[in-house]
Each structure stands twice: as structure tokens, then as C-alpha cells.
Amino acid sequence: MIDRQEFRRSFDEMGAALARRGIDTIDPDGPWGRARALDVRQRELKSQAEALQAERNRVSKLIGQKKSNGEDASAELAVMGEVSRQVKALESQAKEAEAAFNAVLMEIPNPLHESVPNGASEDDNVELRRWGVPREDEVPPHWDIGADLGILDFEAGATLAGSRFTVLKGAAARLERALMQFMLNTHVDEHGYEEVWVPAIVNRKTMTGTGQLPKFEDDLYKLEGEDAFLIPTAEVPVTNLYQDQILNAEILPIRHCAYTPCFRREAGSAGRDVRGMIRQHQFDKVELVHLTTTERALSDLETLTGHAEAILQALKLPYRLIELCGADVGFSAQKTYDLEVWLPSQQCYREISSCSSFGQFQGRRAGIRYREEGGKPQPVATLNGSGLAIGRCLVAILENGWQSDGSVMIPEVLRPYMGGMQQIV
RNA sequence: GGAAGGGUGGCAGAGCGGCUGAAUGCACCGGUCUUGAAAACCGGCGAAGGUAACACUUCCGUGGGUUCAAAUCCCACCCCUUCCGCCA
């Protein structure tokens with residue numbers, strides 16, 4: 001959520017940062033224009049209500065004093081009936097107006113950080129660097145590699161659950177588990193993260209805190225008969241671990257890593273990546289989450305991204321780092337780097353990690369604040385990034401490790417987790 | 001699912017119609033004392049809006065109601081704890 005004070009003080013500057021996302025900030029009936037109008041109305045009604053509340057409180061106190069002194073208070077009581085009715089009416093109007101203002105605010109995305117490049121679509125994302133040497137020989141798609149080896153079963157996934165579900169067997173199942181272990185161990189032992197294990201079902205409030213709700217309910221799996229949802233990413237429960245808390249500044253930065261399954265309806269991506277396991281309704285991911293100060297947010301984003309890169313490097317998977325342009329940065333983020341891994345069958349790089357700084361946006365929404373010694377509470381800055389998406393990582397290993405005899409070389413760092421297995425045959 | 005108890009400031013915990021934004025203790029901050037520390041003593045110490053600063057307003061799980069006045073009374077809901085049932 002954007003800051004109300006800043007919204008009033010810097011309406012035009014904020015609007016400009018939002019316009020870079022392609023949002024209409026000129027139209028008075030658009031969200032930006034409506035927010036302004038609703039704020040004015042909300043504040044008017046609130047100050048009217050408050051003035052009358054003050055009167056009510058003053059006279060009520062007087063009545064109490066008179067009564068306890070045995071004096072007559074009937075004159076005051078006579079007028080207060082009406083005053084009280086008016087207070088109630090104004091209170092509920094003010095409440096409604098504030099709720100309306102809030103509802104609009106909740107649907108306004110995070111203004112972009114000034115360093116984010118302009119752009120009209122994902123085609124304008126900026127490549128920052130590449131690592132590793134992509135193989136350019138012909139490699140079959142992972143679904144063929146996996147089917148030939150008998151370790152990926154897409155038909156079984158479809159039978160059990162539908163499209164975009166896959167069953168892993170044998171070496172693939174173990175590889176999935178090995179990747180999870182390797183990633184978590186690396187982040188805990190080498191990067192200093194504290195591991196957490198969290199629920200994969202959360203309530204509406206939690207989902208709202210990180211920004212998935214109210215705007216993106218269609219992307220989520222909702223539980224029948226309950227106001228609860230399957231998480232689309234560990235970001236949601238892990239960040240919200242601290243919802244409505246005031247933290248001591250000394251404990252920042254907080255760095256958590258977590259494995260969770262992730263569930264996405266992929267409502268808007270019909271027809272994209274329908275084959276294989278690039279885009280699944282359920283997938284595994286190890287996530288990195290930082291809670292830090294606003295001053296540190298941007299430099300911590302570099303650190304976090306580096307931790308995700310370290311995994312790719314250890315697995316010796318070629319990748320590139322891109323910075324998302326204004327049109328492509330997600331709703332809650334102020335700045336985002338994507339890591340894209342080389343997929344030889346497609347001869348292109350595909351997203352395998354997304355690392356974002358959210359500034360105070362989520363901290364404000366989720367009520368996560370911190371206090372410097374003697375200072376006032378202020379929202380924490382949050383960051384998160386995949387470290388990494390496990391299913392896509394498995395795909396990359398199958399394709400990059402594929403050999404012309406049909407076998408797949410297992411990256412060295414994973415072999416201890418694979419019972420010493422060097423290749424999948 | 002059934003029964004009972006309970007949700008109050010960073011924590012613990014009183015209050016159960018007006019003098020209560022809230023006793024008390026702990027924690028924390030400042031001071032006195034001390035070579036220093038501890039102890040003791042004195043003072044301060046919730047959040048949000050609002051203001052130049054005050055004033056003022058709101059907040060005692062959430063929502064509604066009664067009343068001139070609600071943390072306190074009434075209704076509904078949510079959550080937690082314990083016991084029983086069920087169960088990995």
C-alpha cells in the first residue's frame with residue numbers, strides 16, 4: 001500500500017512513477033483520480049464527525065460530574081439525544097468514505113523505483129549480464145528427455161489432476177528432493193539464512209498483507225467454504241510471519257529461506273507452455289525473504305540476487321540477469337531482477353528466479369514495522385526472490401546435462417544428495 | 001465435531017457503565033547514589049490520525065446494538081487454550 005501522507009504531499013510525483021507502469025493517472029475516473037476525490041471526501045467527513053464527537057464527549061463528561069454531585073442534568077440530557085444521533089450518522093458516513101478510499105488504495109500498485117528502466121512490455125527488459133557458456137547443439141525438449149528416461153510422466157499427472165500437473169518418478173523425484181535440500185543447505189550454511197517451514201494455506205488477511213489480494217483473487221486457489229487460499233509462493237506466509245508486529249531495529253535484517261509447494265491457477269496464461277513442466281499449477285520452490293530497512297533495501301536486493309545466482313553457478317547452469325522494465329514489474333514490487341536459465345531445446349533463456357524489492361509497500365500493508373531506539377515505528381522494507389524454482393531447475397538440468405546417448409549428467413554438487421549417482425540413464 | 005475457559009499496552013496482568021488510554025509488575029529510557037557496576041530511590045515510557053506546537057479524534061479480538069456516556073451491558077462472528085472425540 002502506498003503511503004497516505006506521501007499520496008497527499010507528492011500526488012504528482014507518485015502519479016508519474018505509476019504512469020511508467022502504464023497506469024492512467026490523468027483520467028479523474030481512473031483509480032488515481034478517484035483516490036484523490038475519495039480522500040478529500042473522507043477527510044471532510046472525518047473532521048466533521050470528530051468535531052461532533054468532541055462535543056459529545058465534553059457534555060457527557062459534564063453530565064457525569066453533575067450526576068455524581070447530585071445536580072440536575074436534564075438540560076444537557078435533552079440536547080444530547082439529538083447530538084448523539086448526529087454523531088452516529090456522521091461516524092458511519094465517515095467510516096464508509098474511509099473504506100471506499102482504502103479499497104482504491106489497496107488496488108494501486110507500488111510506484112516504481114527511479115532506477116527502473118522505462119518500457120512498454122517485457123521486450124524492453126534490460127539484460128545486465130550473462131554467466132556461463134550456453135550450449136548451442138540440438139537438444140530435445142525436457143519432456144522428451146524425461147519420457148525417454150521414464151522419469152517424467154505427464155499422462156499420469158493429467159489423469160490424477162488435469163493439465164499442468166506432472167508426476168516425477170525415480171531419479172527425477174529424487175532430483176527434485178536433492179535440489180530442495182541443496183538449495184536450503186546452501187542458503188542456511190553459506191548465506192546465513194534462517195530456515196522456516198510454514199503453512200501452504202493462509203487466510204485472507206495474510207494474502208492481503210503481501211499484495212496478492214484483493215486484486216488477484218482469480219490467480220489463486222480458494223478453499224471451498226472457507227476464507228482461505230493455497231499459497232502461490234512462500235513469500236506470503238514467510239513475510240507475514242511478522243504481520244502487525246513492531247520489531248526492534250537491532251534484529252534487522254531478518255533473512256529467512258523456506259521450501260514450500262506453490263499453487264497457481266495460471267488463469268491468464270492459457271495456451272502458454274502447455275507442454276512439459278515449465279508452467280505448472282503446483283510446483284516446488286525455495287524462497288528467500290528479507291526484512292530490512294528502507295535505506296538498505298536496494299543494496300540488499302543485490303545481495304539477495306547474488307544468493308540466487310550462487311545456486312545456478314554451483315549447478316553450472318548458464319544464465320543471464322535481466323532488470324524488468326516499468327511495464328513488467330509486478331504489482332507490489334518497486335524494482336525486480338529476473339534470473340533466466342538457458343534452455344538449449346528452446347535456444348533461449350527462461351525465468352527461473354524473480355528477485356524484488358518491495359520498499360515499504362508490503363510492510364505498510366501487513367503492519368510490519370520497526371523502531372529505532374527512541375524513534376517512532378516505521379514500516380519495514382521487504383524483499384524476496386526465488387532461490388530457486390525447483391521444477392524449472394530440474395528442467396534446466398535435464399536439458400543442459402543431456403548427452404547424445406540419451407542420458408543426463410547430474411551436476412557434481414547434487415551427487416551426494418543422489419546417493420552418488422553421476423548420471424541418469 | 002462436543003464441552004469449558006479466555007482474547008486488554010513489548011510481555012505478564014487488573015479493571016467489568018462516567019473520575020480509565022487504562023492499576024500493578026517486568027522490560028526499556030533518563031536521573032540520583034557509586035571509582036565503576038548491581039541494588040535502592042526519583043522520573044519517563046502504547047499505536048494511528050491531526051497540529052507549527054498544543055488542542056482534538058480513534059483504538060481494550062472483529063462487526064453490530066443499548067445508553068447522554070461502553071474495555072465494562074446485549075447480540076453475532078473470528079481466534080486461542082484445555083478436556084473429550086477423531087486422526088498422520
Side-chain angles (χ1 to χ4, degrees), chain A residues 1-9 35-36 38-106 197-209 213-214 222-229 237 240-252 254 261 291 360-361 363-380:
Chain A
M1 186 156 54
I2 59 172
D3 179 51
R4 302 161 112 89
Q5 313 273 351
E6 209 187 328
F7 169 75
R8 285 164 202 146
R9 267 199 319 265
R36 169 106 110 182
L38 286 167
D39 185 32
V40 170
R41 177 176 160 72
Q42 178 253 140
R43 302 182 81 193
E44 265 172 24
L45 284 166
K46 205 168 173 186
S47 71
Q48 281 176 33
E50 285 185 2
L52 212 55
Q53 281 170 336
E55 173 68 4
R56 179 198 62 191
N57 292 348
R58 189 183 66 78
V59 179
S60 287
K61 207 164 240 180
L62 192 64
I63 291 172
Q65 282 167 4
K66 283 198 167 186
K67 282 200 165 176
S68 64
N69 292 339
E71 295 172 37
D72 175 42
S74 54
E76 285 82 3
L77 281 170
V79 286
M80 283 307 280
E82 178 55 23
V83 170
S84 186
R85 259 190 299 283
Q86 284 178 22
V87 166
K88 251 174 214 172
L90 267 171
E91 266 177 354
S92 72
Q93 282 181 49
K95 215 168 195 176
E96 256 173 61
E98 195 184 357
F101 175 52
N102 247 325
V104 174
L105 275 193
M106 290 299 263
W197 203 275
V198 293
I201 296 174
V202 298
N203 58 30
R204 179 173 293 274
K205 183 181 178 189
T206 296
M207 212 53 109
T208 305
L213 291 179
K222 185 173 188 306
L223 269 59
E224 177 86 42
E226 295 187 51
D227 210 19
F229 305 82
N240 277 286
L241 235 26
Y242 299 92
Q243 71 175 221
D244 293 326
Q245 293 188 31
I246 300 176
L247 307 169
N248 233 318
E250 296 100 74
I251 72 168
L252 298 179
I254 294 170
L291 278 72
Q360 299 182 334
F361 192 82
R364 202 173 286 117
R365 256 173 117 99
I368 310 170
R369 293 171 292 169
Y370 76 99
R371 183 168 18 215
E372 303 277 7
E373 197 168 304
K376 299 217 81 179
Q378 53 180 314
V380 297

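Atoms considered below: every heavy atom in the structure, side chains included; atoms not considered: hydrogens, waters and symmetry mates. We name chains A, B, ... by the order of the sequence lines, and we start the count at 1 in each one.
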Open item on the list: Rounded to the nearest 0.5 Å, what separates atom CD in A:Gln42 from atom CG in A:Leu105?
Closed with: 9.0 Å

TODO: Take atom P in B:U66 and the same atom in B:G49, then report the distance between them in whole Å.
DONE: 31 Å

- [ ] Using the P atom on both, measure B:C54 against B:C42 and round to a whole Å.
- [x] 29 Å

TODO: Kindly compute the distance separating CZ (A:Phe229) from CG (A:Leu223), expressed to the nearest 0.5 Å.
DONE: 9.0 Å

Task: Nucleotide B:A48, atom C1' - distance to CZ of A:Arg8 in whole Å - done: 12 Å

- [ ] Might you confirm whether atom CZ of A:Arg41 has over 12 heavy atoms from other residues, nucleotides or ligands at distances under 6.0 Å?
- [x] no

Task: Rounded distance in Å between the C1' positions of B:G6 and B:A14 - done: 15 Å

TODO: Measure the distance from CD on A:Glu71 to C1' on B:C19 and round it to the nearest whole Å.
DONE: 15 Å

- [ ] Kindly give the heavy-atom pair with the smallest separation between A:Leu45 and A:Leu90, and that separation in Å.
- [x] CD2-CD2, 4.2 Å

Task: Exercise: do A:Gln86 and A:Glu82 side chains pair donor with acceptor under 3.5 Å - done: yes

TODO: Round to the nearest Å and state the distance from A:Glu372 atom CD to B:C29 atom P.
DONE: 15 Å

Open item on the list: Rounded to whole Å, please give me the gap between CD in A:Gln93 and C1' in B:U57.
Closed with: 17 Å

Open item on the list: Rounded to whole Å, please give me the gap between CD in A:Gln65 and P in B:U20.
Closed with: 12 Å

TODO: Using whole Å, report how far CG of A:Asp244 lies from P of B:C11.
DONE: 12 Å

Open item on the list: Only Watson-Crick and G-U wobble pairs with both distances less than 3.5 Å should count. Give RNA chain B in dot-bracket notation, marking inter-strand partners with |.
Closed with: ((((((((.[[[..)..(.....]]].(((((.......))))).((((......)))).[[[[[..)....]]]]])))))))....

TODO: Let me know the distance between CD of A:Glu55 and P of B:U57, rounded to the nearest Å.
DONE: 11 Å

TODO: Could you measure between the two C1' atoms, the one in B:G9 and the one in B:G63, and give it in whole Å?
DONE: 23 Å

Task: Non-hydrogen atoms of A:Ile2 and A:Arg364 that approach each other most closely - done: C-NH1, 3.5 Å

- [ ] Please measure how far the C1' atom in B:G85 lies from the corresponding atom in B:A3, and state the result in whole Å.
- [x] 11 Å

Task: Atom pair distance, as rounded to whole Å: NZ in A:Lys376 and P in B:C45 - done: 13 Å

- [ ] Among B:C56, B:G50, B:A47, find the nucleotide with the atom closest to the side chain of A:Gln5.
- [x] B:G50

Open item on the list: Taking only side-chain N and O atoms of A:Arg58, does any of them lie within less than 4.0 angstrom of OP1 or OP2 on B:C56?
Closed with: no

Task: Distance-only polar pair, side chains of A:Asn57 and A:Ser60, donor-acceptor under 3.5 Å - done: no

Task: Sequence-aligned protein contact record of nucleotides 58-76 of chain B, with B where the base is within under 4.0 Å of a protein heavy atom and S where only the sugar-phosphate is - done: S-----S-SBBS-------

TODO: Can you run down the side chain to side chain donor-acceptor pair (under 3.5 Å) pairs that involve residues 89-98 of chain A, sequence neighbours left out, and say none if there aren't any?
DONE: A:Gln53-A:Glu91

TODO: For A:Leu52 and A:Val83, work out which heavy atoms get closest and say how close.
DONE: CD2-O, 4.2 Å

- [ ] Would you mind classifying the nucleic acid contact of A:Arg364 as base, sugar-phosphate or nothing, using non-hydrogen atoms under 4.0 angstrom?
- [x] nothing

Open item on the list: Can you tell me if A:Arg43 touches the phosphate of B:G50, counting only side-chain N or O atoms and a distance under 4.0 Å to OP1 or OP2?
Closed with: yes

Task: Closest non-hydrogen atom pair, A:Tyr370 against A:Val380 - done: CD2-CG1, 3.7 Å

TODO: Using the P atom on both, measure B:G61 against B:A70 and round to a whole Å.
DONE: 15 Å

- [ ] Could you work out the separation of B:A27 and B:A39 based on their P atoms and round it to a whole Å?
- [x] 8 Å

Open item on the list: Roughly how many Å apart are B:A71 and B:G65, using the P atom of each and rounding to a whole number?
Closed with: 15 Å

